[in-house]
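Here is the structure we will look at, set down as structure tokens.
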Amino acid sequence: MFLLQLLIVLLLVVAAVVTLVLQARSDRFQAARDRSLAAAQAFAHAPGLVETLRGPDPSKVLQPLTEAARKEAGVDFIVVTDREGVRYTHPRPELIGKRFIGTIAPSQAGHVTVESVNGPLGEEVQAVVPVEDDHGNVVGLVSSGLKVSSVSSAVDRQLPLVLAAGGAALALATGGAALVSRRLRRQTHGLGPSEMTRMYEHHDAVLHAVREGVVIVGGDGRVLLANDEARRLLDLPQDVEGRPVTGLGLDPRMAELLASRRVANDEVLPVGDRLIAVNNRPTDRRGGPPGSVATLRDSTELRALAGKAEAARERLKLLYDASVAIGTTLDVQRTAEELTQVASPRFTDYATVDLAEPVLRGDEPRMVGVGGEAPELRRVALSGARDDHPLYRAGEVHRFAAPTPQATGFVSGKAILVPDLSASAGWRTQDVERTQEILDYGFHSLITVPLKARGVLMGIANFWRTEGNDTFEEDDLSLAEELAARAAVCIDNARRFTREHAMAVTLQHSLLPRGLPEQNALDIAYRYLPAQAGVGGDWFDVIPLPGARVAMVVGDVVGHGLHAAATMGRLRTAVQNFSALDLPPDELLGHLDELVGRIDQESAGPDEEAAIAGATCLYAIYDPATGVCAMARAGHPLPALVHPDGSVEFPELPAGPPLGLGGLPFEAGELELAEGSSLVLYTDGLVEDRKRDIDAGLAILRDTLAHPGRTPEEACDAVISALLPARQRDDIALLVARTRRLAADRSAEWELPSDPAVVSRARADVTQQLSDWGMDEAAFTTELILSELITNAIRHASGPVRVRLLRDRALICEVADGSSTSPHLRYAAAEDEGGRGLFLVAQLAERWGTRYTPEGKVIWAEQPLP
């Protein structure tokens, strides 16, 4: 703004200076013309000039006279010529007698001529006047003039004064513009013209667009401004500005308040059929102009809008609460109960949810029943203010008749509003007596909404209102549909989870042992509790091994769901297969680790990096003949050992890595267990929980097991009771095994030198031992088996040969030698002399096999007891 003002002032000053210079120059030229004309006319009318021109020597007479007149008149020259323009006089005498330079034709005709010419003295302004005799005849010419340079020099002498005056005017104008601009910026708070214009336009648009009346009254009681809303509320004319408030025909109290300039806060005054809330403030409290400003609101409309806003807010809050409260669990019935609890009593007096029976099992129901009827439904949830209502109770099974709103909504898949139950004939077809009881109880309005999600129609939700509450309207129908839609998605999620969970549990149970195998080494009890939230991959197994030994295994696959259960089944099968090879615990875990790595590779895509499924495992082999238990673990929690006196310890075993990492070895440890000791194997779901760390769980487990004399069953019950979390989120596998020892009279052992001659002596010793056990009928078969095994050991191995007989659930013959070479079963041809020894053993024994020891190997054969 300041720059614009400065530019305008500069232009005005320049224009003024230029105008003054031009005006001065014009005035000088005009003065020169006037002076030249006056001098020429005065000399032309001088007495005796005509006679002098007609005399013999006009130049001699006129030259001194013209020079004197020139100097007296202040002109540059006065020239007298004859009628033809030949000079008689001139300031430069050498030019006398020469022709006059200029226009003389008009003057020869008796006219005066004024012109600018380039004469002998330079550029000149000259006047030519004719000299006439008494008869009007032109007898000569008189010319007088000034040089242009004389006129310009006079103007140039005045120019500095003009420029100085212009500069002073410019400085004064600039200072004034700066002061004005500074004051304007202070008054407009630094806003420029564009900002001021935009702000004015915005303020004007807002003033006339708001739903609040604004009236500004001046100090003289006249209206300065009234926006559109004020005109509407007060019924003011369009030309209200400038008119006194008291002359507008307003209510006297309203007019008095607007003109009084007193402070008013939400003062309600009547205006026609409206109640106007008025706020009035004076405008001169902070140095402003005298007057007042009043804002007006229609409290009648505000109440209606406030009621609608409150209702909308309540609906939004109800929907928000429903989104939080519905679907907190993956249980179908609990989700339905959450819907009824949210809806009643905030939206309805009573809310019910009816679901098809297959939904409760996780299956998809048929879409509609026969003849357009809804299928058989079970009421799974009901919520209301009182319990003495005549509605179907939770748990009851019913089928809605085709004309009822419930059946119509279920079949059509659309919500049905019944504003007046007493006027609905189709609703009464369900059960005349019950529907009459419902009406007598006070039910008067119903909304029924089908529960449908992902194309699956699962049931219906019913919302009932009783006397004392408003009838359901169309707005309520949309809210009921929103509630039912949210609940339907959650119910369908729970249904799908129920189905998948049931499938996973079925798969899991089919992969777990259905019972414990018969064996005499251990008294065993177990507990297996699948997770409530999802099936996991925990497993256990008890596997009888040759030599009256028993293997126990407990494992845990990371994750939940079908994949974890399937992986668990593969691992359990692999453990049983590896156990059949009679591998030591550390070697078995090594093979199991390779298997998990292959499973990870198989599950990865062609361009994906193999993910580690992860599993932990503890494998133990107990030998009742020696009381030694060999164990190895792969990332699994330590077992608990309960001594016969009740003391509990967690024996330190080498900690191997979890299965699937690969490349790291596993180590086995051995413990000698006293008879009556209990070995407790478990998964981490027993001792670890979100609300309890593993150290606290192990401490509880230790305290719970520290009770001597408990049977394995009693120990399992006590542990589960003490450690089972309220919300079980992981599988729990627990195995309690109390040890037994094989009695000394049930085993016999001999050490034989590597000499074929000892075979007969060995047969005699074995026969005598079988006779002592009362098993004479097994002597012949046993002699044949041992003869073949001892002969092979002496022939193909080195070092002494040890023979052991065990009488357990079977008669077990073992021959140990110092060779690690395993024999192979061959089928000899008719002409072969050898190769029938192991074939005979396989035919005579029920089972046979080889296991390796640090000293060599053991070949064993089992026969059923007589």
Side-chain angles (χ1 to χ4, degrees), residues 332-357 359-360 365 368-451 457-474 476-477 479-481 483-484 487 491:
V332 173
Q333 182 168 347
R334 179 58 190 158
T335 304
E337 291 172 352
E338 289 169 347
L339 169 60
T340 61
Q341 291 168 2
V342 167
S344 173
R346 295 171 59 181
F347 172 64
T348 182
D349 295 318
Y350 288 85
T352 62
V353 174
D354 304 323
L355 298 177
E357 287 285 354
V359 175
L360 301 176
V368 296
V370 180
E373 291 184 351
E376 195 172 65
L377 303 177
R378 179 181 294 275
R379 178 145 297 172
V380 296
L382 185 150
S383 180
R386 295 163 52 185
D387 196 42
D388 58 346
H389 56 80
L391 300 174
Y392 289 120
R393 302 287 172 168
E396 290 190 49
V397 177
H398 52 272
R399 185 191 300 272
F400 288 107
T404 60
Q406 292 91 335
T408 303
F410 189 90
V411 173
S412 65
K414 298 180 180 178
I416 303 295
L417 168 63
V418 183
D420 187 1
L421 288 174
S422 62
S424 175
W427 175 69
R428 289 178 172 270
T429 59
Q430 175 67 22
D431 186 335
V432 177
E433 294 182 2
R434 183 183 290 271
T435 53
Q436 187 59 47
E437 291 177 3
I438 291 175
L439 293 176
D440 296 340
Y441 188 82
F443 289 93
H444 62 78
S445 188
L446 166 67
I447 292 179
T448 179
V449 186
L451 296 173
L457 193 57
M458 299 170 290
I460 55 173
N462 300 307
F463 304 97
W464 309 78
R465 281 187 180 173
T466 58
E467 292 179 353
N469 286 313
D470 297 335
T471 300
F472 281 124
E473 299 176 350
E474 289 296 331
D476 299 316
L477 184 63
L479 178 58
E481 289 176 330
L483 290 173
I491 291 174

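From a predicted model like this one, the values you see are computed outputs, not experimental measurements.
Taking CD from Glu474 and CD1 from Ile447, the interatomic distance works out to 8.5 Å, rounded to the nearest 0.5 Å. We find the CG-CD distance between Leu355 and Gln333 to be 9.0 Å, quoted to the nearest 0.5 Å. Ile460 CD1 to Leu377 CG: the interatomic distance, rounded to the nearest 0.5 Å, is 6.0 Å. A distance of 8.5 Å separates CG in Asp470 from CG in Asp476, rounded to the nearest 0.5 Å. Note: Gln436 CD to Ser422 OG = 9.5 Å, rounded to the nearest 0.5 Å. For the atom pair CG of Asp420 and OG1 of Thr471, the computed distance is 7.0 Å after rounding to the nearest 0.5 Å.
Considering every non-hydrogen atom in both Val449 and Ala480, the closest pair reads CG2-CB, 4.0 Å. Nearest heavy atoms, Arg379 versus Asp354: NE-OD1, 2.7 Å. Nearest heavy atom pair, residue Thr340 against residue Ala351, reads CG2-O, 3.5 Å. The two residues Pro419 and Leu417 make their nearest non-hydrogen contact at CD-O, 3.5 Å. Closest approach of Leu339 to Ala461, counting heavy atoms only: CD2-CB, 4.1 Å. Closest non-hydrogen pair, Gln406 versus Leu446, comes out as NE2-CD2, 4.0 Å.
Remark: Arg378 is not positioned above the aromatic ring of Tyr392, lacking an NZ or CZ atom under 6.0 angstrom from the ring centre and at most 45 degrees off the axis.
Here the two rings, on Phe463 and Phe347, have centers that are under 6.0 Å apart.
Ring geometry for Phe400 against His398 counts as perpendicular: the plane angle is over 60°, on a 0 to 90° scale with 30° as the lower cut.
Counting only N and O atoms by type, the side chains of Asn462 and Tyr350 include no donor and acceptor under 3.5 Å apart.
Within the 4.5 Å cutoff, the side chain of Asp349 has heavy atoms near those of the Asn469 side chain. The shortest distance between side-chain heavy atoms of Leu457 and Phe410 falls below 4.5 Å. Taking the side chain as every heavy atom from C-beta outward, Leu391 and Tyr441 never approach each other to under 4.5 Å.
Counting only distance, with no hydrogens or angles, the side chain of Ser445 and the backbone of Phe472 share a donor-acceptor pair below 3.5 Å. Looking only at distances, no side-chain donor or acceptor of Ser344 sits under 3.5 Å from a matching main-chain atom of Gln341.
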| said: Between Val332 and Met458, is the side chain to side chain contact (heavy atoms under 4.5 Å, CB included) condition met? List the steps. | reply: CA-CA 11 Å; Val332 173; Met458 299 170 290; over 6 Å; no
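With sequence neighbours excluded, no residue forms a salt bridge (charged side-chain N to carboxylate O under 4.0 Å, His left out) with Asp440.
With respect to Asp387 and Arg393, a salt bridge is recorded, a charged nitrogen being found less than 4.0 Å from a carboxylate O.
For the side chain to side chain contact (heavy atoms under 4.5 Å, CB included) with Leu439, the lone residue among His444, Arg428, Arg434 that qualifies is Arg428.
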